[in-house]
Amino acid sequence: MQTRKKYIFLTFLASWLLLFFFGGDQLRRFAFFSGRKAEARRNWPRWTDRSLLKNFADPEELQRDGIPSPLSPQERRAAWLSVYKSSRCRMESCFDFSRCERNGFKVFTYPRQRDQPISESYSKILASIERSRYYTPKAEEACLFILGIDTLDRDHLSAQYVRDVDEKIRGFPLWNGGRNHLIFNLYSGTWPNYTGDLGFDIGQAILAKASFDTESFRPGFDVSIPLFSKDHPQRGGERGWLSQDSVPPRKKYLLVFKGKRYLTGIGSGTRNALHHIHNGKDIISLTTCKHGKDWEKHKDTRCDRDNVDYEKFDYQELLHNSTFCIVPRGRRLGSFRFLEALQAACIPVLLSDGWELPFAEAIDWSKAAVVGSERLLLQIPSAVRCIHPERVLAFQQQTQFLWDAYFSSVDKIVHTTLEIIKDRLSPHRSRSRFLWNTLPGGLLVLPDFSTHPGDFPFYYLQHGSSPSEKFTAFIRVVSQVGSLSQPILRLIQAVSGSQYCAQILVLWSCEKPPPPSGKWPQTTVPLTIIQGRRKLSDRFFPYTAIQTDAVLSLDEHTSLSTSEVDFAFMVWRSFPERIVGFPALSHFWDPEQGRWGYTSKWTNELSIVLTAAAFYHRYYHSLFTEYLPAGLRELVDRLAACEDILMNVLVAAVTKLPPIKVAQRKQHKDTVPQQVKGTAGAAGGRRFSQRQDCLNQLGDWFGYMPLVSSQLRLDPVLFKDQVSVLRKKYPRLER
Amino acid sequence: IMCASTKYNTRGPALIPRMKTKHRIYYITLFSIVLLGLIATGMFQFWPHSIESSSDWTVEKRSIHDVPVVKLPADSPIPERGDLSCRMHTCFDVYRCGFNPKNKIKVYIYSLKKYVDEFGAAVSNTISREYNELLTAISDSEFYTDDVNRACLFVPSIDVLNQNVLRIKETAQALAQLSRWDRGTNHLLFNMLPGGPPDYNTALDVPRDRALLAGGGFSTWTYRQGYDVSIPVYSPLSAEVDLPERGPGPRRYFILSSQMALHPEYQSELEALQAENGESVLILDKCTNLSDGVPAVRKRCYKNQVFDYPQVLQESTFCVVLRGARLGQAVLSDVLQAGCVPVIIADSYILPFSEVLDWKRASVVIPEEKMPEMYSILQSIPQRQIEEMQRQARWFWEAYFRSMKAIALATLQIINDRIYPYAAISYEEWNDPPAVKWSSVSNPLFLPLIPPQSQGFTAVVLTYDRVESLFRVITEVSKVPSLSKLLVVWNNQNKNPPEDSLWPKIRVPLKVVRTAENKLSNRFFPYDEIETEAVLAIDDDIIMLTSDELQFGYEVWREFPDRLVGYPGRLHLWDHEMNKWKYESEWTNEVSMVLTGAAFYHKYFNYLYTYKMPGDIKNWVDAHMNCEDIAMNFLVANVTGKSVIKVTPRKKFKCPECTAIDGLSLDQTHMVERSECINKFASVFGTMPLKVVEHRADPVLYKDDFPEKLKSFPNIGSL
């Protein structure tokens, strides 16, 4: 019985297959694919005479490009100045570049008016500028001007609203129609429309404004900044909340929102619809209408029920436990929520149509946020569900990078604004989008050093290149002896013996002139003497003589062997963004004294590698000299033995990683050179306290302690293993 | 729901049932019938008198002269002028696009018509060769739909590429009478040559209301950022001349200007530059005394010297692209094609596709006022960067300039990305040339995080039947302070794991996962039970590692969470005699791999191993029951570009190589197999991703003269 059924089935199948294959096209079309496929897609026709078609333009005309205009280029540019003003301002037409040519990019802040109170946020902004390396107290050398009048809050119902701004600025002799001025604003307009109106004529000034809308934003001229609260820290700033990279994102909620619901007025369209996507499980979208004085007047049927749900969840808890956060427009386009979500690594889902995103000229938001459309709110849940876990992880990491690089403090927000404007002044010396959007971020990349990713220590992997195969030995001589001491001769011999050494530079920082060239040892590599200015910060000056990516920084008393140098250099090539060296220190928080301390004693951890014997990338010389404000370098010049701590702090602030200590021979034990035996104790004590002082002042300046501790040391693979010495590449390290 | 399977399979690998013998015959018969059918189809396909091939069914064969003529009454409506405030959220109807799983917009093309005015005079040329190519490309692309009701974007077949060959008012009227015009909402116009004498506006003068404009030669004042698309001016020479890519490097001239009829003011600036810098600056112009028949567009002259154009562009490092009457210049395309770095001197010009292309990587933009400084500005650019710009320039041409098709598809992709931003093409995909995409790595764990110590790690022990040794490993590992969970992967299907009561009592949760098949890849499965980032993979016979060594390994992993941190290290070498890779387990000064018999790594790599392993490596490893560790080393090195970290001194490990006491032969076969794995994987990956290093990680005070009891990790390195 069963077999027959099987055979019938088989025959049927076979004949059907035969029919299908031999039945020809007609049959196939009608019998099976009678649906869409049969009806041919009507494509654009392949015209039979398409080869006879004419070109869209005559080739010669295309190359000549039209009849030359009667206006000469200069006249045309002059004409722009009168045509493209105020709302059509661009750098070409409203900015005086010549002001920036003489003294570079210098920023001047107007003196504050006694009678005029300044809000906390604005005084932070002014402080940031005055702390920046672009600040100048002289108006005549300035390229950019910042008003002393608080223009942050231009809602005339607000208590901080400053009246009669127009009159005041017209009285400023430097105002010049707003040319080369930068105006900061966080709130503009007021109930009910919250327009972009500032209540005074900004003329040709650049506007750095929060909640910028794309229509009034003057591209390439204005800067969109994020909305930040008055509690936003001046410097340093909190870290992001992401502490682990988990895939899939191990969070309780997928998408959350908790905030006000507007029943009427601008922004209500979106806020009033948000509750629709709430599912009570992984999507939590809670709104309340209980805000403002007369909320009960406008109250609708949902209000009471909403308010009950609303109280059940805590905003901070939602922020911590969700993968995506809805950042809808409020009355204005931007909200505090945006930065909060960014810090929390809760990927912002923006529902704020027409918002010119903060620093969008530099930041590629498509890597860190989901830009949704207010009109398509109901698609948001499925859209975010479809984002692949790997992409979610990338998004989360990018939020943390951006938060830390550009947003975590007022300093960073203001400096980013300034750098964006500075980049416009010389387009050929400006950061590419790659540099802005890759760690460590645009603020730490100096275009004056280079705009080529291969020249920086951070991008070798992304760029597919590797650091140079040679290094420059850089020896600092400070001792007051006129002749060359034994240690330095030995050091030069050891270093020049390395196959990776390209050149030796000696920074001669003594009163006495350096010995004549005949007195110096004969080396296989070129030896150059640089006359220093006898300042401690000199050792990190970006000397043009340094031609290699790697610098081996040395003190005259350092004792190293060739194989130590070779091994350390090989390690550095694996970690070109870090300091790789020998003697190390470690820092710690002293809770009793409430300050930072450090120890050079044998410890199980390290966070500072002394630059008396260390490899690092030459870019850090530029960063040290050009990125840090002059005040810090003065501090270093004042205190003994602070410069290497500053270098370590700087590198740690850039990389967020500890330095690397490599194996060293025993005799290295005492790092402090015993030059003058008698006073070693007292001098050592002073040195110790100055270093401690230095560490605390640096922590203060950065706003946090950037140093990171490490528990490891890198040794050669066979270091002290019980293998024949002949097998080992670096046997001399073990003595 | 609608999205493709984004969730990973969280259950273990499934068992494939063995076929029953009685069904086998049945299946074989069925299979042979299908095979027969397939052969028949094959024959049918090549039969001489078969019907027209499928692509021919759908394509109409007509002449352009046959297109219907539409007469425009003189009083037919004219659209409003373009609205400068239009943005996607104000002028574009997203509801037409909808949510769709492919995240692709649907583009409709109106059928071709010939428009004439009341007197029968043509409004414009019906269609140019380039516009026809552009529409053909759209029609052949994935974006195309022939269903006007499902379309999200509409492309009129009215050719407005060149404003100079059309009648503005009548063209506008023609647009307005399109069936779905609706004030131009969701309509896309392509224009390359806007404006007309004497002012040459920078955007198409045809009134177009809300229509999007893909325009060549926008200025910052006419370009609606985020709404319009800036496109190149196509150069027909792209198709005509075949310029093979020239390797990057120094060229004969430093700066070259090849444009004809430059404004005298620019001309004199360039001449001043030449007078100052001599031979390295070459300024070409139109040839005046060419013999007949030689096309003027293909020649350029300097005094009496005649040069072939565009070939001469390849002779220069930098090529000047100055604005003419318009901002957009076709010469930009020629310059890019020649791999010459364009020096763009056209204030306020919006560069082609600037929304997505990073022109700073391929060009130098110099403000017009700074023209006298051009030479010194260009000289300050390091040679390495110039070479990269040369490559980048050529890549931009190849990807986005070379044909109307490339221009059309890039434009549609940009609009597509605005509508489906969460599925948008990334900066790297737009900008990185294939060679860079190939050589660069983008680490998926790029954020420099040191994971909190409190998280701890999960130990995953793969075991088959060595229960006694397994229990010892469990007991040893459980002594490590940072262990947070222990997972035993029971890979033996024929035997049940021991009863619960027999397992060692340890302070952390112990879970046993039974697998469906004895596969090596089970060790790297991303089990839901692994709740920590750090995973310690450990074999069931690794009992010689001390608690200090394991804890230290975990601390090292925290400092290098994106790497494999392991104990026994291995090396790959290039065998010059055999011309292939060789596996090395001797006492070497270098390491490039760590064995996963005892190694810490990020759980993310379990996902990669299970779901993203290239080629057939995963199955190959399972079939050969070997080299899963080498595969993991390849995978991690390839995706991060970083080396492994070997921790602590060398020990006697009980590992496949070491247990080969049975004789040299076994050892040698093992080594041969492992070498084969390396060669196999290198060919699948298409590269050798492993990085060789000379260092290993030890505790800071390892072997230092210092009281052992004060060291964090005293018990390290004992054999």
Side-chain angles (χ1 to χ4, degrees), chain A residues 14 17 21 25 40-49 53 56-57 59-60 62 64-67 72-73 90 92 214-215 219 243-245 247 353-354 364 366 370-371 379 383 386 388 397 427-428 432-433 452 461-462 464 570-571 602 604 656-657 711-715 717 720-721 723 729, chain B residues 3 6 33 37 40-41 51 57-60 63-64 85 87 89 99 128-130 135-136 139 146 161-162 197 220 225 260-261 265 297 324-325 330 347 358 360 364-365 385 421-422 424 439-441 445 447-448 451-452 533 555 587 589 604 641 649-650 694-698 700 703 706 712:
Chain A
L17 270 170
F21 285 117
D25 178 64
R41 208 164 73 144
R42 280 166 303 157
N43 279 4
W44 182 253
R46 299 267 189 277
W47 305 104
T48 48
D49 43 3
L53 288 174
F56 78 109
E60 200 179 330
L62 196 60
R64 298 181 63 92
D65 188 40
I67 305 141
S72 84
R90 297 293 185 273
E92 295 95 323
T214 46
E215 275 172 48
S243 60
Q244 53 175 306
D245 296 325
V247 169
D353 287 353
D364 182 357
S366 69
V370 177
V371 185
Q379 285 182 12
C386 286
H388 211 268
Q397 294 179 78
H428 58 278
S432 66
R433 260 182 114 70
H452 183 236
L461 288 171
Q462 286 120 307
M570 291 313 284
V571 171
W602 299 98
N604 287 295
K656 325 268 177 232
L657 294 170
Q711 301 197 55
L712 59 92
R713 182 182 84 198
L714 293 182
D715 294 337
V717 171
K720 299 204 172 166
D721 278 351
V723 208
K729 190 171 172 188
Chain B
C3 39
T6 58
I33 290 172
T41 341
I51 50 143
W57 305 344
T58 56
V59 175
E60 295 173 74
S63 159
I64 302 243
S85 67
R87 294 293 181 274
H89 67 282
F99 183 75
S128 66
R129 174 193 298 251
E130 283 80 10
L135 294 180
T136 308
S139 157
D146 60 355
L161 281 182
N162 183 355
T220 161
Q225 202 166 10
M260 301 192 283
E265 200 177 296
V297 286
D347 286 3
D358 191 345
K360 287 178 187 169
V364 185
V365 176
Q385 191 170 2
Y422 39 84
S439 66
S440 67
V441 287
L445 306 169
L447 195 69
E533 276 179 275
E555 299 292 347
W587 295 70
N589 285 290
Y604 183 79
R650 174 141 184 155
E694 296 183 343
H695 52 253
R696 69 159 201 247
D698 287 327
V700 177
K703 293 265 174 178
F706 193 69
S712 310

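We name chains A, B, ... by the order of the sequence lines, and we start the count at 1 in each one. Only this structure's heavy atoms are used, side chains among them; waters, hydrogens and symmetry mates stay out.
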Please classify the contact between [X] and chain B as side chain, backbone, both or neither, with a heavy-atom cut-off of under 4.5 Å.
X: A:Leu657; result: side chain
X: A:Asp245; result: both
X: A:Thr214; result: both
X: A:Val571; result: both
X: A:Gln462; result: both

To check you understand the geometry: which heavy-atom pair defines the closest contact between [X] and [Y], and what is its length?
X: B:Ser63; Y: A:Asp49; answer: OG-OD2, 2.7 Å
X: B:Asp347; Y: A:Glu92; answer: C-OE2, 4.0 Å
X: B:Ser139; Y: A:Asn43; answer: OG-CB, 3.3 Å
X: B:Ser128; Y: A:Leu53; answer: O-CD1, 4.1 Å

[X] versus chain A, heavy atoms under 4.5 Å apart: side chain, backbone, both or neither?
X: B:Val441; answer: both
X: B:Asp358; answer: side chain
X: B:Tyr422; answer: both
X: B:Pro448; answer: both

Would you mind telling me which of [options] has the largest number of heavy-atom pairs within less than 4.5 Å of chain A?
options: B:Ala261, B:Ala424, B:Ser85; answer: B:Ser85
options: B:Lys360, B:Glu265, B:Gln225; answer: B:Glu265
options: B:Leu161, B:Thr220, B:Asn162; answer: B:Thr220

Given A:Leu714, A:Asp715, A:Val717, the one that forms side-chain contact (heavy atoms from CB on, under 4.5 Å) with B:His695: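 Answer to the side-chain contact (heavy atoms from CB on, under 4.5 Å) test with B:His695 among A:Leu714, A:Asp715, A:Val717: A:Leu714.
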Just give me the residue among A:Lys729, A:Gln244, A:Glu215 that pairs up with chain B most often, heavy atom to heavy atom, under 4.5 Å.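 That would be A:Gln244.
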Largest heavy-atom contact set with chain B, pairs under 4.5 Å, which of A:Gln397, A:Arg64, A:Gln379: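 The option with the most such pairs is A:Gln397.
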Would you check if A:Asp721 and B:Trp587 make a side-chain contact, meaning some heavy-atom pair closer than 4.5 Å?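 A side-chain contact exists here, since the closest heavy-atom pair is under 4.5 Å.
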So A:Lys720 and B:Asp698, do their side chains get closer than 4.5 Å, heavy atoms only?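 Answer no - side chains too far apart.
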